[in-house]
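All chains are named by letter (A, B, ...) in the order of the sequence lines, taking the proteins before the strands, and each is independently numbered beginning at 1.
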2 protein chains.
Amino acid sequence: MMADWAMMAETDAAPAPKKGRPGFDRQAVLDVAVSAFIEHGYDATSMGMLSSRLGLSKAAIYHHYPAKAEMLRAALDEALNGLEGVLLEQGARDGTAEKRLAFVLRGAVHVLVARLPYVTLLLRVRGNTDIEREALRRRREFDRAVTALVVDARDSGTVRSDIEPAVVTRLLFGMINSIVEWYRPDGTESADQLADDVLAMALNGLSAS
Amino acid sequence: MMADWAMMAETDAAPAPKKGRPGFDRQAVLDVAVSAFIEHGYDATSMGMLSSRLGLSKAAIYHHYPAKAEMLRAALDEALNGLEGVLLEQGARDGTAEKRLAFVLRGAVHVLVARLPYVTLLLRVRGNTDIEREALRRRREFDRAVTALVVDARDSGTVRSDIEPAVVTRLLFGMINSIVEWYRPDGTESADQLADDVLAMALNGLSAS
DNA sequence: ATACTAACTGAACGACCGGTCGATAATAAA
DNA sequence: TTTATTATCGACCGGTCGTTCAGTTAGTAT
């Protein structure tokens, strides 16, 4: 059994004693915003649309977040913290190159599923603002770390050497990241089963064994 | 040698004798618009931005296209015509199931590269308007046809049967479609080389052979 | 020259955008 | 009951959006 990739850092543990008038908290607002961003795209989602989804006035949203872009930043942070967390796990640092690579790929699948909306948003970012560019930078750094694992696995002879490691990594993540386009957690396939399928396809391809 | 997937239908052959004041034609306008749509996203791209990129007034754009959304429709058509064209080729209909599947996957890679901006745009469509929904419908139909090929190849024993064909197809296209995120045609890798790499990864995975 | 045609322009339109403001409503603590 | 704290509201701001319209410009054909 491996540790949970599903949460990090922002864990308070204390439910916090509430004062003043009750209402939405930042997380509830963010969840609604992110699902709207995914449905209509970030730019096409207006504050008016968010306010009607929340059952709140536009102005009230600004009590929770100082700007629309700050909601995006918070969402992207949740996705990136999850992915970067995988690289910090022991399984990503100890063992053979092959085992470390498999651990990270499997961990990435689990983060994708556990934080599906946030990662979905992350994968659609194109870098038009400073916030988006910073997210892209962290994502590229994550990619670079995985490419290094592919290089290690190739040098130790467990991964094919006839394709550039950078291309291999991109194709691998092309496959893994596509999960956000079609996987729905309420289906019959569990996250573990999904990770098994992805790993099987990534390692051995679609040829009959 | 296989036929060219790069063009279809809209071939006039006749360069058309021009009358009146010379200027942009629809295709030139579309190319500029599509590259802007890709850079900033369709919604975030304003007609004002297009006009300054073209060196034209906003109003002049409406001489070539009756609406911003019609530019999107034209671009998505180019992408979908290319993909659907692959399924109409002889190689997609004759031969063993394995050969037909390989032909279509290779063909899809070639279309992706030949019509890179248009397919890039297609893959970002989320279905917020009727135009986008129609494009998604055609894309799903293409996916369904390929899934049928995967089923055939599985039944004939050349493709693994321990993963659902629908999941296999989605992972395959996750890999192939990711090409638009990183492949740049001016690099050292040709489209044929790229198709070889993708087919090798898809069929045999990343394990050393 | 003259007519014809396609390509283009500047100014304006109503609608909607993200964001601000000062006032107010609903709770817990005193 | 009062006070402090948090959450919310309606009205409004300057700016930008896609689109329209009535003219103008630059070519080809006669």
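Here the P atom of nucleotide dA7(D) and the NZ atom of K19(A) are 12 Å apart, to the nearest Å. Separating the CE atom of M47(B) from the P atom of dC21(D) is a distance of 15 Å, rounded to the nearest angstrom. Atoms NE2 (H63(B)) and C1' (dT25(D)) sit 13 Å apart, rounded to a whole Å. Separating the OH atom of Y62(B) from the P atom of dA12(C) is a distance of 18 Å, rounded to the nearest angstrom. As rounded to whole Å, 14 Å separates atom P of dC8(C) from atom CG of L50(B).
Legend: side-chain hydrogen bond (donor to acceptor under 3.5 Å, both in side chains) pairs involving residues 60-71 of chain B, not counting sequence neighbours, sorted by first then second residue: E70(B)-R73(B). For residues 139-154 of chain B, every residue pair satisfying the side-chain hydrogen bond (donor to acceptor under 3.5 Å, both in side chains) rule, not counting sequence neighbours, is listed here: R137(B)-E141(B), T147(B)-T169(B).
With sequence neighbours excluded, the residues forming a side chain to side chain contact (heavy atoms under 4.5 Å, CB included) with A69(B) are Y42(B), I131(B), listed by chain and number. Shown here are the ring-ring contact (aromatic ring centres under 6.0 Å, His included) partners of F24(B), two or more places apart in sequence or in another chain: there are none. Partners of S190(B) by side chain to side chain contact (heavy atoms under 4.5 Å, CB included), not counting sequence neighbours, listed by chain and number: D192(B), Q193(B). With sequence neighbours excluded, the residues that form a salt bridge (charged side-chain N to carboxylate O under 4.0 Å, His left out) with D162(B) are R160(B). Taking F142(A) as the reference, F173(A) meet the ring-ring contact (aromatic ring centres under 6.0 Å, His included) condition, with sequence neighbours excluded. Listed by chain and number, the residues in a salt bridge (charged side-chain N to carboxylate O under 4.0 Å, His left out) with D130(A) are R133(A) (sequence neighbours excluded).
For the contact set between residues 36-45 of chain A and DNA chain D, defined by any heavy atom under 4.0 Å, there are no members. Near-neighbour residues of DNA chain D inside residues 25-34 of chain A, defined by a heavy atom below 4.0 Å, are absent.
Residue S46(B) has its side chain nearest to dG18(D) when only dT20(C), dT8(D), dG18(D) are considered. Which of dT27(C), dT8(D), dG18(D) sits closest to the side chain of P22(A) comes down to dT27(C).
L87(A) is not listed as a side-chain neighbour of E84(A), based on a closest heavy-atom distance of 4.5 Å or more.
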Donor-acceptor contacts under 3.5 Å from residues 31-38 of chain B side chains, at least two apart:
unit_1 : atom_1 : unit_2  : atom_2 : d
D31(B) : OD1    : Q27(B)  : NE2    : 3.2
D31(B) : OD1    : Y118(B) : OH     : 2.4
S35(B) : OG     : V32(B)  : O      : 3.2
S35(B) : OG     : R53(B)  : NH1    : 3.4

Notebook entry, point to check: Which nucleotides of nucleotides 9-15 of chain D have their base under 4.0 Å from a protein heavy atom (B), which only their sugar-phosphate (S), and which neither (-), written as one string 5' to 3'?
Noted result: BB-----
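A sub-4.0 Å separation between OP1 or OP2 of dC8(C) and a side-chain N or O of H64(B) is present. Look at K68(B) and you'll find a side-chain N or O under 4.0 angstrom from OP1 or OP2 of dG18(D).
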Note to self: If you apply the rule salt bridge (Lys or Arg N to Asp or Glu O under 4.0 Å), what do you find for D77(B) with R138(B), and how did you get there?
What the structure shows: CA-CA 10 Å; D77(B) 269 346; R138(B) 288 172 69 184; 2.8 Å; yes
